[in-house]
Amino acid sequence: MKYKNVQNSICLGAKEEANENDTGTEKAALPSDLEDVFKSGSVTTVGGGKTIHCLTIIGQIEGHYLLGEGQKATKYEHIIPQLVAIEQSDEIDGMLMILNTMGGDVEAGLAIAEMVASMSKPTVSLVLGGGHSIGVPLAVSAKRSFIVPSATMTIHPVRMSGTVVGVPQTYYYFERMQDRIIKFVTDHSGISEDDFRTMLMRTDQIATDVGSLIDGKEAVACGLIDSVGGVSEALKSFE
């Protein structure tokens with residue numbers, strides 16, 4: 001497998017020219033494919049007659065509000081244009097989405113998940129480390145989903161922090177948002193609505209909250225994820 005530059009670049013932003021540092025020594029220019037990895041955390045690879053774009057969702061998903069310094073974030077305004085470019089490119093045959101996320105902005109995460117689910121090209125998700133909170137809809141949004149045995153997924157109700165002005169109205173909004181997430185997850189996976197709601201409201205697994213913490217084999221056993229597997233299994237599914 002080798003790297004390939006796609007005609008319509010997926011990486012956001014124009015490539016910067018090599019400049020000089022404080023000592024006057026010229027910086028070595030990175031190969032264009034490695035520069036894509038450095039800038040956007042994504043790369044397009046060619047192997048077995050297929051061109052696959054690898055998209056990573058790491059850390060927290062940043063939505064309408066900026067996260068603090070020092071926090072790793074995946075910005076949804078960066079991911080959405082990449083998905084459009086992948087769907088439109090004639091040179092890309094499919095997308096592998098790698099997840100290691102603790103969750104984040106609910107609406108932003110669900111927006112990304114809806115876009116992935118609506119793509120016509122083959123899509124595969126792989127959960128490494130964790131696919132927590134809004135990472136669950138993201139994991140099931142692909143047409144085929146994998147999880148490594150050591151990965152975990154946290155399933156819990158929608159939460160918020162800050163001042164609540166109207167309690168009944170806020171509760172109604174949260175209930176509607178929760179229903180949207182439940183419907184999306186159950187529509188794009190093999191888990192039933194009753195089982196998923198039961199996982200959401202468990203009180204014996206998370207010390208300061210309700211919900212469930214499941215590992216890779218449990219995620220497959222309950223129908224949430226399709227298969228236990230790693231990178232090789234995920235890539236073979238494109239064949």
Side-chain angles (χ1 to χ4, degrees), residues 41-42 52-63 72-74 76 79-80 82-83 86 94-119 121-159 177-178 180-193 195-200 205-206 211-238:
S42 62
I52 306 300
H53 185 80
C54 177
L55 178 74
T56 57
I57 297 182
I58 305 297
Q60 288 199 61
I61 298 167
E62 186 180 271
K72 280 197 173 290
T74 297
Y76 87 115
I79 297 296
I80 288 177
Q82 289 190 60
L83 295 175
I86 293 166
M95 181 187 72
L96 172 62
M97 179 171 59
I98 296 181
L99 297 164
N100 189 357
T101 176
M102 59 189 297
D105 188 287
V106 174
E107 287 190 346
L110 197 56
I112 297 171
E114 289 281 11
M115 285 201 68
V116 173
S118 65
M119 294 176 71
K121 293 187 177 180
T123 54
V124 176
S125 66
L126 173 60
V127 180
L128 297 172
H132 305 295
S133 191
I134 199 62
V136 175
L138 284 167
V140 305
S141 65
K143 293 178 175 61
R144 178 83 174 166
S145 58
F146 290 86
I147 186 170
V148 297
S150 62
T152 55
M153 304 183 80
T154 304
I155 301 167
H156 63 74
V158 176
R159 298 176 296 192
M177 176 63 74
Q178 190 66 70
R180 287 167 57 197
I181 293 172
I182 292 172
K183 178 171 174 54
F184 183 89
V185 171
T186 54
D187 284 350
H188 293 88
S189 70
I191 194 170
S192 68
E193 181 176 335
D195 288 346
F196 192 69
R197 285 187 181 275
T198 299
M199 286 185 170
L200 282 172
Q205 289 195 2
I206 303 176
S212 301
L213 181 66
I214 59 176
D215 61 22
K217 291 183 178 180
E218 290 172 322
V220 174
C222 72
L224 190 61
I225 300 296
D226 294 327
S227 305
V228 173
V231 175
S232 61
E233 290 82 5
L235 289 173
K236 284 178 183 178
S237 65
F238 288 104

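Here the shortest heavy-atom pairing between Ile147 and Ala151 reads CG1-CB, 3.6 Å. When all heavy atoms of Gly211 and Gln205 are compared, the pair lying nearest together is O-CB, 3.9 Å. The heavy-atom pair separating Gly104 from Gln60 by the smallest distance is CA-OE1, 4.2 Å.
Residues that satisfy the salt bridge (charged side-chain N to carboxylate O under 4.0 Å, His left out) test with Lys121, not counting sequence neighbours, are absent from this structure. With sequence neighbours excluded, the residues that form a side-chain hydrogen bond (donor to acceptor under 3.5 Å, both in side chains) with Ser133 are His156. In this structure Glu193 satisfies the salt bridge (charged side-chain N to carboxylate O under 4.0 Å, His left out) test together with Arg197, sequence neighbours excluded.
Here the side chains of Asp105 and Tyr76 are not in contact, with every heavy-atom distance at 4.5 Å or above. At least one side-chain heavy atom of Ile214 sits under 4.5 Å from a side-chain heavy atom of Leu224. Side-chain atoms of Glu233 and Leu126, non-hydrogen and from C-beta on, never get closer than 4.5 Å to each other.
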side-chain contact (heavy atoms from CB on, under 4.5 Å) evaluation trace for Met115 with Ile112: CA-CA 5 Å; Met115 285 201 68; Ile112 297 171; 5.8 Å; no
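Each of Ile181, Thr198, Val136, Ile191 was evaluated against Ile155; a single residue qualifies, Val136, per the side-chain contact (heavy atoms from CB on, under 4.5 Å) test. Of the residues Leu96, Ile98, Leu83, the one that meets the side-chain contact (heavy atoms from CB on, under 4.5 Å) test with Leu55 is Leu83.
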